[in-house]
K.L.:
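This is the structure, below, for whatever I ask next.
Chain letters run A, B, ... following the sequence lines, proteins first and then strands; every chain starts at 1.
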Amino acid sequence: MRYWLMKSEPGDCSIDDLAAMKDQTVAWYGVRNYQARNFMRDQMSVGDGVLFYHSNCKEPGIAGIAEVCSTAYPDAKQFDKKSKYFDEKATQETPRWFNVDVKLVKKIALISIEELKHHPELENLRTLQRGNRLSITPLDPAEWRFITTRLVRS
DNA sequence: GCCAACGTTGGC
DNA sequence: GCCAACGTTGGC
């Protein structure tokens, strides 16, 4: 069991968009960074905890709790010529990109990046580090526990 | 829209 | 395999 913070641009897929989806589940396609891919492909398991984070928007922060609900499988968009995530070097035999499915557990009152920065318990949170751009980062169990038990408001 | 930080590309 | 140039991310 591991814990993850996963960034999504709300203009692309917000917590409300996720809530409206069939089974409240979304395929986390479009990751085109090897480190983030490797986290999904090599380290994620069904049941892992996910903080659903809104990035690149007016109010960045944690918008909900979710969970990993599939193992990794080839990202369909890499084969779709009409998609902006199309990758001409990927083939069905040797896919380059993978994704898992993520299911909503619950929407929460937004925990803003501002608030996250105020807690010394979270000073090592990867997402808060200067220059960090990784869209998927692992969380320590202690960080997960602190956020989900101390900061979450419904 | 700015720009710091970082990842990727490709010539050599 | 180095590294300059370029592209992207994402908070501000």
K.L.:
Calculate the interatomic distance between Arg32(A) atom CZ and dG7(B) atom P; express it in whole Å.
P.N.:
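Taking atom P of dG7(B) as the reference, CZ of Arg32(A) is at 18 Å.
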K.L.:
I need the CE-P distance between Met6(A) and dG10(C), as an integer number of Å.
P.N.:
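Atom-to-atom, Met6(A) to dG10(C), this comes out as 13 Å.
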K.L.:
Rounded to the nearest angstrom, tell me the gap between atom CD in Glu115(A) and atom P in dG11(C).
P.N.:
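Interatomic distance, CD of Glu115(A) to P of dG11(C): 16 Å.
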K.L.:
Can the ring centroids of Phe52(A) and Trp28(A) be said to lie less than 6.0 angstrom from one another?
P.N.:
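Centroid separation for Phe52(A) and Trp28(A): below 6.0 Å.
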K.L.:
Please give, in whole Å, the distance from dT8(C) P to Lys84(A) NZ?
P.N.:
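So the NZ-P distance, Lys84(A) to dT8(C), works out to 10 Å.
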K.L.:
To the nearest Å, give me how far apart CG (Asn56(A)) and C1' (dT8(C)) are.
P.N.:
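Taking atom C1' of dT8(C) as the reference, CG of Asn56(A) is at 10 Å.
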K.L.:
Should Tyr53(A) be listed as having a side-chain N or O under 4.0 Å from OP1 or OP2 of dG11(C)?
P.N.:
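For dG11(C), OP1/OP2 do have a side-chain N/O of Tyr53(A) under 4.0 Å.
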K.L.:
Name the residue closer to the 5' end of DNA chain B, choosing between Asn33(A) and Lys89(A) according to the nucleotide with the nearest heavy atom.
P.N.:
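Residue closer to the 5' terminus by nearest nucleotide: Asn33(A).
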K.L.:
Could you tell me how far apart Lys58(A) (NZ) and dG1(B) (P) are, to the nearest whole angstrom?
P.N.:
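Distance, rounded to whole Å: 17 Å.
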K.L.:
Whole Å only: how far is the CG atom of Asp12(A) from the C1' atom of dT9(C)?
P.N.:
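Value for this atom pair: 14 Å.
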K.L.:
Test ring-ring contact (aromatic ring centres under 6.0 Å, His included) on Trp97(A) and Tyr73(A) and set out the steps.
P.N.:
CA-CA 8 Å; Trp97(A) 305 110; Tyr73(A) 58 91; over 10 Å; no
K.L.:
If you group Ile, Leu, Val, Met, Phe, Trp and Tyr by side-chain heavy-atom gaps below 4.5 Å, do Trp144(A) and Met1(A) land in one group?
P.N.:
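Yes: a chain of side-chain contacts under 4.5 Å links Trp144(A) to Met1(A).
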K.L.:
For the pair Asn38(A) (side chain) and Gln35(A) (backbone), establish whether a donor and an acceptor sit closer than 3.5 Å, ignoring hydrogens and angles.
P.N.:
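Not at all, since once roles are kept as given, no pair shorter than 3.5 Å links the two residues.
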K.L.:
Is Lys117(A) touching bases, backbone alone, or none of the nucleic acid, heavy atoms closer than 4.0 Å?
P.N.:
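Sugar-phosphate, backbone atoms only, no base.
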K.L.:
May I have the distance from Tyr85(A) (atom OH) to dT8(C) (atom P), rounded to whole angstrom?
P.N.:
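That distance rounds to 12 Å.
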K.L.:
Would one find a side-chain N or O of Lys7(A) under 4.0 angstrom from OP1 or OP2 of dG10(C)?
P.N.:
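Result: yes.
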